[in-house]
Structures are given as C-alpha cells and as structure tokens.
Amino acid sequence: MCGIVGYTGSAPVAPLLIEGLKRLEYRGYDSAGIAVQEGDQLQVVHRKGKVATLAHTVDHFDFKGTCGIGHTRWATHGKPSEANAHPHTSCDGRIAVVHNGIIENFADLREELQSEGHTFSSETDTEVVAHLVERAYNGNLVEALREAAAQLVGAYGLAVTCANEPGVIAVTRKDSPIIVGKSENGAYVASDVIAMIDATRDVVVLGDGEMAKLTADAVEYFDAEGNPLSPKITHIDWDLDAAEKGGYSDFMMKEIHEQPRVIRDTLAGRLVDGALKIDELDMSAEELNLVDRVYVIACGTSYHAGLIAKNLIEGWARIPCEVETASEFRYRNPIITPTTLCVAVSQSGETADTLAAIRDAKVKGAQVFGITNVVGSPVARESDGVIYTKANKEIAVASTKSFLGQVVSLTLLAMLLAQVKGRMRMNQIRMLFRELADTAGQVEAILADTYSVDKAAEACVNAHSALFIGRGMGSAISKEGALKLKEISYLHAESYPAGEMKHGPIALLDEGFPVIAIATQSPIYDKVVSNLQEARARGALIVAVATEGDEEIQQHADHVIYIPKVRDAFSPITATVPLQLLARRIAILRGCDVDQPRNLAKSVTVE
Ligand code: G6P
C-alpha cells in the first residue's frame with residue numbers, strides 16, 4: 001500500500017516522478033505528491049485524487065530540479081486530503097519524506113516532538129519521520145535517517161531528501177519494499193522495480209534495516225550500523241510491455257488474456273524425464289515424504305487458490321490440508337510440528353498478514369514454501385523454498401493471471417506430494433501434466449468467444465446482489481467469482497456452497513435475482529443441477545458455467561456459458577476465466593474503473 005519513488009541524476013526529475021507514480025498507482029491512488037530540489041529549496045506539490053490530477057498541477061510548475069521524491073497514497077492514518085498527502089516536511093521545510101507502511105508508535109513520537117516545539121500539519125503517522133530526521137540532522141542525511149529509523153516501531157519504506165544536500169536521497173526500509181537502481185543518467189528508488197525498469201534491469205532489493213545513499217553518480221549501501229555493504233544485484237527479466245496496456249482498453253482485460261501464456265510459462269521445465277521437478281523447494285523426496293500436515297496461508301484471491309489446493313492435496317496426496325486467511329492464522333495457536341508444511345501464497349509477496357504468519361510458523365518449526373509472483377519479495381526471501389508463478393507484473397488491482405499462476409503452481413505441488421507419497425505413478429503424473437498443459441489452449445478458446453458472457457452480464461447489470469454457488473471445486477471457484485464481482489463492480493456478491501443454499505441464502509432469492517452456478521461436469525454435477533432448479537423455482541435468474549456438450553443444463557438456466565471439458569481437478573483453471581470476464585463486463589457496464597476500484601490497493605502491506 002502506497003508507492004514511493006525517487007530520482008537523482010542529470011534529467012529533469014518531475015516528469016520521471018510522475019511517470020514512476022503512474023506505474024505505482026496500483027499500490028494506492030487516493031492522493032499523490034512530489035518534492036523537488038529547486039535551487040537551494042524544496043518545492044512540494046500534493047493533490048487529493050489520482051496521479052493524473054497531480055500531473056496536471058505539476059505541468060504548471062516549471063520544475064528544473066533533477067533530484068526529488070514522490071508518493072501515491074492509500075490512506076491509513078488520516079483521510080485522503082491534500083494535507084495528508086505525502087511528501088511530508090520538517091518544520092523548516094528543508095527535509096521531505098515519503099513513506100510506505102505504518103508507524104505504530106507515531107502517537108507517542110508526535111507528542112514528544114510537539115512538546116519540543118515541532119509543529120505538525122497533517123494527521124498522518126508519516127509526518128513524525130520528517131520531524132525526527134530534522135531533530136537528528138547534523139549535516140549528514142543518511143546518519144539522521146538512521147537515527148530517526150531507530151526510533152520507529154512498525155513497517156516502513158522511506159525515502160528522504162534535504163535542501164541542504166543537493167542531489168542526495170537517503171533511503172531505508174523495514175517490512176516494506178525498497179528497490180534501488182542505477183543507470184548512466186542517475187539513481188532511482190521505488191517501491192517496485194516497475195517504476196525504473198526502462199532505465200535499468202539490474203536492481204538492488206534493499207534488506208530490512210539496510211540503507212542507501214543515492215547521488216547522481218553512485219549509490220552507497222550500508223547496514224543498520226552504518227557499515228558499508230556490497231549489494232546483491234537482482235536482474236529483472238520481464239518486459240516493460242507488462243506496464244503497458246498493449247492495445248487492450250484496460251489492464252484487467254490484458255491480464256485475463258495473458259493467462260494461456262502464464263499457464264505455459266509456469267509449467268515450462270517442470271516435467272523432466274517423466275518426473276516432476278521443482279528444485280526450488282529445496283527439500284529432498286525423503287523430507288517431503290515426512291510431511292503429514294499442510295497449511296495454506298494466504299489472503300484475498302490467493303486464499304481462494306489455497307481452497308483449490310486443499311482439494312488436490314487431500315485428494316491426491318492424502319495429506320490433511322487446512323487453508324487459512326493469514327490474518328486469522330497469525331493470531332491463533334495452530335498445531336505445528338517439524339513435519340508441518342506451510343505454503344504461503346501471495347502474488348505480491350509482501351502482504352503484511354501473510355508475512356507475519358510465515359514468520360510465526362517458522363518460529364514454531366514448520367517448513368515454509370512461498371508461492372509468489374515477485375522475485376526477491378519478502379515472502380520469497382523468508383521462505384525455505386519458493387515457486388515463482390510466471391505471471392509477470394500484474395497491474396490491475398483485482399488479481400486474474402496471478403490467480404491462475406497460483407492454481408497451476410499449487411497443482412504441481414499437489415502432484416509432487418502425491419508422487420513422493422507413492423500415491424501417483426509416473427504414468428499418471430505424465431498424463432495429468434499433459435492435461436494440465438492443455439488447459440492453456442482451452443483458456444484460449446474461452447477467451448476467443450465471449451458472446452454468452454456478455455449477454456449474461458447485460459442480464460445482471462441492474463441487480464443489487466448476486467449469489468455464486470457450486471460444490472466441491474465449484475464451491476472454491478464460486479468464491480473467486482463473487483470476490484471478482486464485488487471488487488470491481490461494487491455489486492454485492494456472495495458465494496455459498498450450493499448444498500448450503502437452503503440454510504439461508506435461498507431466502508434472498510426473488511424474481512430476477514442472479515444466481516451464478518458452477519455446473520461443470522463433476523461427480524456431483526446432478527446435485528448442483530438440483531440446487532439450480534430450487535433457485536429457479538423461486539424466480540432467480542440462472543447463469544450456469546457448464547461443460548461443452550451439456551444440453552441438459554439449458555433447461556435449468558437462463559444463460560449458459562460453455563467451457564471446454566476438463567477433468568474436475570483442472571476445472572478451476574478453465575471455469576474461473578468466464579467469471580473474471582463476467583465481473584469485468586458487469587463493472588464496465590456499470591461505469592466502474594476496473595483497474596483501480598475504490599478503496600482497494602494491490603499490495604496490502606498493513607494489517
Ligand atoms: C489485495 C489485492 C488482492 C490480493 C490480496 C492478497 O486485497 O487487492 O488482489 O488477492 O491483496 O495479496 P497477495 O499479494 O498476498 O496475493
């Protein structure tokens with residue numbers, strides 16, 4: 001949540017900051033601002049609203065400076081407003097700070113600083129940092145930031161600049177990402193590499209407590225005690241195209257269409273000589289064989305990928321598997337032993353609750369695997385092994401292609417566990433792998449014809465609420481379908497196991513109430529059809545996602561969205577796609593911004 005960016009070099013900084021902030025907007029978009037070193041002063045501009053509003057204002061300032069910092073905000077402390085937008089400044093206006101994270105002890109610090117005469121102009125937690133740096137400043141910005149950071153409790157990625165030190169930006173972090181890069185034209189800092197990828201692909205992912213001093217010609221790195229550090233360079237191999245819409249009207253549509261590639265890339269190189277190969281897990285077959293309990297820990301869409309994994313891990317490997325939202329897992333006392341495997345699923349790899357949960361699980365002795373989309377992210381670094389979903393950068397706030405990458409990765413993990421437990425023979429693995437790979441082409445076929453999805457969307461657009469139902473895999477898929485719809489269309493949507501409808505939600509149904517049913521071929525198909533009939537008898541408008549060739553379903557549904565036939569285990573990969581398209585279409589028809597829905601942010605780095 002919140003994106004920070006900074007540049008010092010030979011080029012005018014304002015356009016670079018604005019471009020960087022636009023790319024970071026997925027992290028928050030309720031207000032934005034920049035601070036630019038102009039002559040021997042700092043000039044600060046903030047605006048409430050999206051970066052485009054800030055950009056419009058900045059156009060009227062004829063900034064000449066070549067060093068500055070910027071921020072796009074997702075409000076935590078203090079409502080979205082101009083006063084609360086970053087950068088925040090010291091009393092004398094000579095120090096400016098941008099921050100991603102939460103300062104938990106800000107109230108005490110604020111009181112202490114106020115008692116010493118510091119005056120505050122915002123309600124944010126961040127402003128204390130500007131005043132702490134001011135108090136500590138003695139001609140060396142890096143030292144002052146080190147002293148300030150030592151007093152902070154919480155999570156922070158911080159970039160600071162000072163009018164007394166032309167061309168200098170000091171940065172540090174704890175539990176919030178900071179990426180530093182250097183090109184011929186200068187040095188860059190950002191919350192995400194996407195803000196600098198057209199300048200450099202070789203970046204440094206700053207570690208917790210580490211610091212950097214950026215100047216136009218060099219970047220110096222230090223540990224928390226101020227000792228020089230040799231940074232580890234990470235090479236970024238995805239393309240800038242990921243940050244462009246590539247001819248689609250929105251990022252969400254582009255990312256939905258990338259899913260066949262994600263499936264292929266996630267599977268590439270995983271079947272070697274007929275056996276599954278996931279070397280990154282860093283555990284021998286013998287160690288894996290000892291695993292007797294699996295927890296999948298995740299939030300949001302990633303949690304839904306976990307629900308699918310539970311069906312596969314228990315069904316194929318016969319290992320008990322629990323799926324928990326990280327925010328609950330971290331505050332209970334789960335049963336963890338050295339033979340417990342915790343699988344953390346996180347697109348961003350920086351979700352605060354997921355990170356806290358795996359730290360706790362490790363302390364309790366579990367093995368931790370991460371499934372993430374971001375190389376070098378905290379989840380990747382803090383896990384014993386990691387599988388990268390090959391989704392590339394996902395920009396739309398509502399997750400689509402990452403979800404499919406997660407489902408494919410978790411399917412591989414379930415197959416691997418079944419293989420080491422001796423519950424799946426090599427020829428079965430090969431057959432399943434082939435079928436899994438075929439889903440890429442099947443998703444392509446779904447994307448090629450969206451007529452029935454569009455028609456169903458038109459039928460649902462004026463509803464006030466929608467119910468998503470399914471059984472087994474269909475139940476997990478329906479949860480993701482409902483989440484997509486509410487996230488981007490603001491239409492209330494609820495998901496229920498179809499068999500539970502009679503225990504409550506059926507009371508909601510009246511004439512035209514949309515019920516979206518996952519009715520693909522499965523051993524419990526007939527039961528789903530019975531539940532559909534019950535809903536239809538109460539006047540509900542039925543949209544069924546069904547398997548090609550199923551003529552019978554037409555008698556029970558107002559709209560049928562056909563998808564290719566796959567085995568039930570792989571139905572989440574195919575059946576989720578029309579639900580993504582349906583949610584997007586309804587949102588567009590309702591005039592919503594599908595890429596940046598209100599109140600949400602892509603990375604939730606606070607509790
Ligand atoms: C936010 C995003 C969701 C995402 C969830 C978990 O709510 O808007 O799209 O599923 O966080 O994020 P993670 O990065 O841990 O998968």
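Ligands are counted one by one from 1 in listed order, and the atoms in each one are counted from 1 as well. This one's a predicted model, so the numbers in the text were calculated from it and none came from an experiment.
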Looking just at side-chain N and O atoms, do [X] and [Y] make a donor-acceptor pair shorter than 3.5 Å?
X	Y	answer
N84	T124	no
Q442	T574	no
S399	Q347	no
T301	K484	yes
S465	E494	no

> When you measure from atom 3 (C) of ligand 1 to each heavy atom in Q347, E487, E480, which option holds the nearest one?
Replying inline: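 Among Q347, E487, E480, the closest heavy atom to atom 3 (C) of ligand 1 belongs to E487.
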
May I ask whether [X] has any heavy atom positioned less than 4.0 angstrom from an atom of ligand 1?
X	value
L600	no
S603	no
A601	yes

Any idea which atoms of ligand 1 are less than 4.0 Å away from a heavy-atom of [X]?
X	value
S399	9 (O)
T301	10 (O)
S302	10 (O), 13 (P), 16 (O)

>> Is the contact between V604 and ligand 1 made by the side chain, the backbone, both, or neither, using heavy atoms and a 4.0 Å cut-off?
In response: side chain

> Under 3.5 Å, is there a donor-acceptor pair between the side chain of K310 and the main chain of C321?
Replying inline: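 Looks like yes, one N/O pair under 3.5 Å.
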
